[in-house]
Amino acid sequence: MAFQPGAPRNRTPLAELPTVPGMTMEAASPEQGAATRRRALTPRVIDSPSANIPDSIMTPTLSPEEDVIRQRGRRRTTIMWSPDHNRSVFLSPMKTPTKNISSMTLRSSPRKRSLMQELSDVAVPSTSAASPSKRVLGARLSVTDSPGSSTKRVKVEESAMNRQNEAIPLETILKGYSREQLIAVIGLLVARDEQLEATVRNELPIPDIAPLEGELIKQKKNIFASVPNQKFLSRTDGHGYLRAATHLATFKQTVYGQSQNLYTSRHWDALLDYVMMAWTHVRETPVYENAKHNAVRRYCFKLLSHHASNALKHGSTALGRDRVVRFQHKLTGMASDWAEVNECGKCIEYIMKSF
């Protein structure tokens, strides 16, 4: 079909190219026809009719690496690293090479060389019954032994330090022990000898309450020091109570702990003496304008009254006539602070009749 000037070019994309007049077309195979059409559309260097192109470009050969890849075949499935997977399917022929441990130690001190020699001389037992922990323990014990000695380790006792030094007084040494340790030592000695127990009981004195009184005096001073005595500042109002509340709670806890210790140890004579001593210090605490703020004061009076009644009931005549009479003389003033303490009067009358 000849091209007509002025006619629209409505050729479809896959239509055959128009032929040029005077040009003959030889019959060619379909492959040659496709190559001809490709050269006509997009001419490249490889399609050039030049004879300078080498044959290796036209017919490339496979490299050795590509040949090995083709001979390897299809890729196998990857190994799934999980405990349930059978790892014996694809065993790797590669093995970790063993390291050659040299017996020569470079740049080591004489101490390290002697330690390495001792470790090499340790004989590991060949019995299969021994556990690994026992074998390691045996090696450690033998390492600590001196060269030439037996492998048995001598048990090292705790050094007595100054406890066996007779130049230091025993009283000085006993001050370093806690109360529980002293009780345990005395109990161990008494358990071995019954006569020693009777001797210790006869030599035991009355508990000293002077340190307890010193602690109460200290707590009482803290109560008054929390609120300074000034002209426009009262110690008994709400503000004064708030400033002294912490020290009042400490004073209350101190009275409870000291009296409870004497009560649980069954020192009735010392407990009665403590009640008469502590009652005076509780009475000297501030009396606040609000009745609710005097709860600590009332609690201490009630606690001391309860301990006085127990001391009279359990101690009875063993308290001594002088101690009971002294408490009887103070009972009237104590009743003005806490009326329930009058119940101790019946116990006093009973004890006085027994003398």
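Numbers here simply count residues along the sequence, with the first being 1.
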Might you point out which heavy atoms bring Leu196 and Leu189 nearest each other, and give the distance in Å?
CD2-O, 3.6 Å

Worked check of side chain to side chain contact (heavy atoms under 4.5 Å, CB included) between Met352 and Ile348
CA-CA 6 Å; Met352 293 302 294; Ile348 295 175; 4.1 Å; yes

Charged N to carboxylate O below 4.0 Å: is that the case for Glu171 and Lys175?
no

Tightest non-hydrogen contact, residues Ala311 and Leu271, listed as CB-CD2, 4.2 Å

Under 3.5 Å: donor-acceptor pair, side chain of Ser309, backbone of His306
no

Determine whether Val227 and Leu248 fall in the same hydrophobic cluster, where Ile, Leu, Val, Met, Phe, Trp and Tyr are linked whenever their side-chain heavy atoms lie under 4.5 Å apart.
no

Heavy atoms only: give me the nearest Gln219-Thr250 pair and the separation to one decimal.
OE1-CG2, 3.1 Å

Separation of Asn261 CG from Leu212 CG (nearest 0.5 Å)
8.0 Å

Could you tell me if Thr285 and Arg297 have a donor-acceptor pair between their side chains, going purely by distance under 3.5 Å?
yes

A side-chain contact here means heavy atoms from C-beta on lying under 4.5 Å apart; do Leu170 and Leu174 qualify?
yes

For the side chain of Ser316 and the backbone of Leu312, is there at least one donor-acceptor N/O pair under 3.5 Å apart?
no

Pair listing, salt bridge (charged side-chain N to carboxylate O under 4.0 Å, His left out) test, anchored in residues 306-324, at least two apart
Asp273-Arg323

Is it true that a side-chain atom of Gln181 and a backbone atom of Ser178 form a donor plus acceptor pair closer than 3.5 Å?
yes

Taking atom CD of Glu289 and atom CG of Asn294, what is their separation to the nearest 0.5 Å?
10.0 Å

Under the side-chain contact (heavy atoms from CB on, under 4.5 Å) test, which residues partner Lys330, sequence neighbours left out?
Met276, Met334

Pair Lys220 + Glu284: basic N to acidic O under 4.0 Å
yes

Stepwise side chain to side chain contact (heavy atoms under 4.5 Å, CB included) test for Val190 and Ile186:
CA-CA 6 Å; Val190 170; Ile186 296 175; 4.1 Å; yes

Between the main-chain N or O of Ile168 and the side-chain N or O of Thr172, is there a donor-acceptor pair closer than 3.5 Å?
no

Let me confirm one number: the NE2-OG1 distance from His281 to Thr254, rounded to the nearest 0.5 Å.
12.0 Å

So Glu197 and Arg201, salt bridge (Lys or Arg N to Asp or Glu O under 4.0 Å) or not? Walk me through it.
CA-CA 6 Å; Glu197 180 179 359; Arg201 286 181 178 271; 3.4 Å; yes

Transitive ILVMFWY side-chain link Val287 to Val255, under 4.5 Å:
no

Return the minimal non-hydrogen interatomic distance between Trp268 and Asn310, and the atom names on each side.
CE3-O, 4.2 Å

Output the distance between atom CZ (Phe251) and atom NZ (Lys218), rounded to the nearest 0.5 Å.
14.0 Å

Under 4.5 Å between side-chain heavy atoms, hopping through other hydrophobics if needed: is there a path connecting Val185 to Leu182?
no

So OG1 of Thr246 and CG of Asn222: to nearest 0.5 Å the spacing works out to 11.0 Å

Of all the heavy-atom pairs spanning Trp338 and Ser305, show the shortest one and how long it is.
CD1-CB, 4.0 Å

I need the single residue from His307, Gln258, His267 that forms a side-chain hydrogen bond (donor to acceptor under 3.5 Å, both in side chains) with Tyr274. Which is it?
Gln258

Using the six-membered ring wherever Trp is involved, compare the ring planes of Tyr241 and Tyr288 and label them parallel, tilted or perpendicular (cut-offs 30° and 60°).
perpendicular

Is there a side-chain contact between Met277 and Leu216 (heavy atoms, below 4.5 Å)?
yes

Are Ser234 and His239 close enough that some pair of their side-chain heavy atoms sits under 4.5 Å apart?
no

When you measure from the side chain of Arg243 to the backbone of Ser226, do you find a donor-acceptor pair of N or O atoms at a distance under 3.5 Å?
yes

One should read off an interatomic distance between Cys347 SG and His314 NE2, to the nearest 0.5 angstrom, of 10.5 Å

Does a sphere of radius 6.0 Å around OH in Tyr256 hold more than 12 heavy atoms from other residues, nucleotides or ligands, not counting ones at 6.0 Å or beyond?
no

Do we get Arg266 above Tyr263's six-membered ring, with its NZ or CZ under 6.0 Å from the centre and within 45° of the axis?
yes

Is the backbone N or O of Ala198 less than 3.5 Å from a side-chain atom of Asn202, with the two atoms forming a donor-acceptor pair by type?
yes

Minimum-distance pair of heavy atoms, taken over all atoms of Thr317 and Ser354
CG2-CB, 3.6 Å

Is Leu188 reachable from Ile183 through a run of hydrophobic residues whose side-chain heavy atoms are each under 4.5 Å from the next?
no

A side-chain contact here means heavy atoms from C-beta on lying under 4.5 Å apart; do Ser259 and Leu303 qualify?
yes

Say whether Val325 and Val275 are linked into one hydrophobic cluster, either directly or through other cluster members, by side-chain heavy-atom distances under 4.5 angstrom.
yes

